[in-house]
Amino acid sequence: MSTKGSFFRPVIDTMEGYVPGEQPRDRRYIKLNTNENPYPPSPRVLEALRAAVGGDLRLYPDPDATELRTKAAEVYGVSADRIIAGNGSDDLLSMLFRACVETSDGDVAYPFPTYSLYDTLAKIQGVTPKRVSYPADFTLPLDALAATGARLTIVCSPNSPSGTLVPLSDVAELARRARGLVVVDEAYVDFATETALSILDECPNVLVLRTFSKSFSLAGMRVGLAFGSADVIRELGKVKDSYNLDRLSLVAARAALEDFAWMQGNVAKVRAARDELVSELSGLGLIVLPSQANFVFARTQRSDGRALYEKLREKGILVRYFATPELSAGVRITVGTPEENRALVEAIQAFDRP
Ligand SMILES: *Cc1c(COP(=O)(O)O)cnc(C)c1O
């Protein structure tokens with residue numbers, strides 16, 4: 001910057017912004033890089049959206065997302081005063097960092113490697129997060145996490161990019177021992193076998209984050225929900241943008257909950273395709289972590305993650321490569337349709353023969 005200095009806080013000047021997975025415009029790819037759902041949202045969602053496009057768009061949306069929260073309360077069996085809506089769960093994460101993370105490096109902790117947005121949000125707050133390394137098998141480093149005494153501890157489960165599930169018993173144990181809030185980022189939980197929603201009553205310091213971006217096929221609408229104690233939800237509401245969800249997002253998310261079976265049908269297809277993909281990749285000699293999500297983390301014994309990513313890209317298949325020491329050995333592959341997965345397996349087969 002100029003000698004007069006920057007317009008921005010020093011941490012903003014020196015940080016890298018969050019880098020989302022590519023949304024390429026140059027050509028059509030088989031897109032297995034950002035964990036979107038390969039199937040479209042419910043026709044009832046599209047119908048509700050069309051009906052909502054009209055003159056009412058001149059009016060602000062409901063700042064409290066009342067109808068969406070009421071529907072979510074019914075579907076998930078958690079009262080509406082224990083639910084808050086976000087403009088994607090990224091918005092809810094952002095609210096949490098603003099509300100809980102101040103100046104101390106001990107304010108936020110999470111096991112690592114995980115969703116890299118947490119690092120970015122910590123930097124924006126000007127703190128160094130307490131990152132506690134996962135062991136190679138991705139079991140939760142419970143003692144070390146509890147020992148941080150952080151005001152905010154985040155556990156992503158199933159974890160991205162590993163796909164591994166943190167057993168609920170470990171989450172509950174962590175919640176009992178943690179000093180602060182334990183946030184369970186369940187962006188992928190509909191593809192998994194257990195959810196921390198079931199321990200909310202016994203653990204008042206647990207907050208569960210959900211998103212409509214993956215299982216509900218609504219990444220383009222930006223809707224997330226947080227479930228917690230009424231006290232936690234009320235405090236979080238203080239840092240929210242007043243109209244954080246637009247009218248159409250509210251309509252889409254509510255209609256998606258009204259057609260829950262559509263989501264479950266797509267999830268069943270994705271899970272079956274995931275298990276098939278894991279066995280195919282393993283058959284080719286790749287090492288695949290056990291996944292409870294809609295993606296798998298895989299590495300080959302013959303090349304590194306970057307080479308795998310680049311060779312697949314040349315063949316028109318996008319996967320996600322993370323250039324960090326913990327993750328550069330492999331790539332994260334979103335589970336696509338059976339046809340997309342087949343194309344991926346054939347591409348790998350063509351260049352990764354022993
Ligand atoms: C996709 C994802 C989110 C963000 O979801 P949005 O609702 O699209 O903002 C949050 N956490 C994890 C771990 C994710 O993978």
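In each ligand, atom 1 is the first atom listed, and ligand 1 is the first ligand listed.
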**Q** Can we say Arg82 and Asp201 salt-bridge, meaning some charged N sits less than 4.0 Å from an Asp/Glu carboxylate O?
**A** yes
**Q** May I ask you to check if ligand 1 and Thr211 share an N or O to N or O distance below 3.5 Å?
**A** yes
**Q** Decide whether a cation-pi geometry holds between Lys269 and Tyr39; the criteria are a distance under 6.0 Å from NZ or CZ to the six-membered ring centre and an angle within 45° of the ring axis.
**A**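 Output yes; distance and angle both within limits.
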**Q** Relative to ligand 1, is Tyr188 under 4.0 angstrom through side chain, backbone, both or neither, heavy atoms considered?
**A** side chain
**Q** State if Asp185 counts as touching ligand 1 under the rule of any non-hydrogen atom under 4.0 Å.
**A** yes
**Q** What protein heavy atom is closest to atom 9 (O) of ligand 1, reported as residue, atom name and distance in Å?
**A**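 Its nearest protein heavy-atom neighbour is Arg222 NH2, 2.7 Å.
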**Q** Could you check whether Thr34 and Lys31, counting side-chain N and O atoms only, form a donor-acceptor pair closer than 3.5 Å?
**A** yes
**Q** Specify side chain, backbone, both or neither for Ser89, according to which of its non-hydrogen atoms lie closer than 4.0 Å to ligand 1.
**A** both
**Q** Between ligand 1 and Cys156, can you find any atom pair, the residue atom being a heavy atom, that is separated by under 4.0 Å?
**A** yes
**Q** Which of the numbered atoms in ligand 1 are under 4.0 angstrom from any heavy atom belonging to Gly88?
**A**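 Near Gly88, the atoms of ligand 1 are 6 (P), 7 (O), 9 (O).
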**Q** Can you spot which of Glu340, Glu339, Glu346 makes a salt bridge (charged side-chain N to carboxylate O under 4.0 Å, His left out) with Arg342?
**A**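 For Arg342, the salt bridge (charged side-chain N to carboxylate O under 4.0 Å, His left out) check succeeds only for Glu346.
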**Q** Looking at Tyr188 versus Phe295, is the centre-to-centre ring distance below 6.0 Å?
**A** yes
**Q** Check each heavy atom of Asp90 against ligand 1 and say whether those closer than 4.0 Å belong to the side chain, the backbone, both or neither.
**A** both
**Q** Identify which one of Tyr29, Phe351, Tyr321 satisfies the side-chain contact (heavy atoms from CB on, under 4.5 Å) criterion when paired with Leu312.
**A**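 When side-chain contact (heavy atoms from CB on, under 4.5 Å) is applied between Leu312 and each of Tyr29, Phe351, Tyr321, only Phe351 qualifies.
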**Q** Which atoms from ligand 1 have a heavy atom of Ser213 less than 4.0 Å away?
**A** 6 (P), 7 (O), 8 (O)
**Q** So, are Lys71 and Glu67 salt-bridged, with charged N and O less than 4.0 Å apart?
**A** no
**Q** In terms of the angle between their ring planes, are Phe260 and Tyr76 parallel, tilted or perpendicular, with boundaries placed at 30° and 60°?
**A** perpendicular
**Q** Among protein heavy atoms, which lies nearest atom 1 (C) of ligand 1, and at what distance?
**A** Lys214 NZ, 1.2 Å
**Q** Need the ligand 1 atom indices (1-based, order shown) with element for anything under 4.0 Å from a heavy-atom of Ala187.
**A** 2 (C), 11 (N), 12 (C), 14 (C)
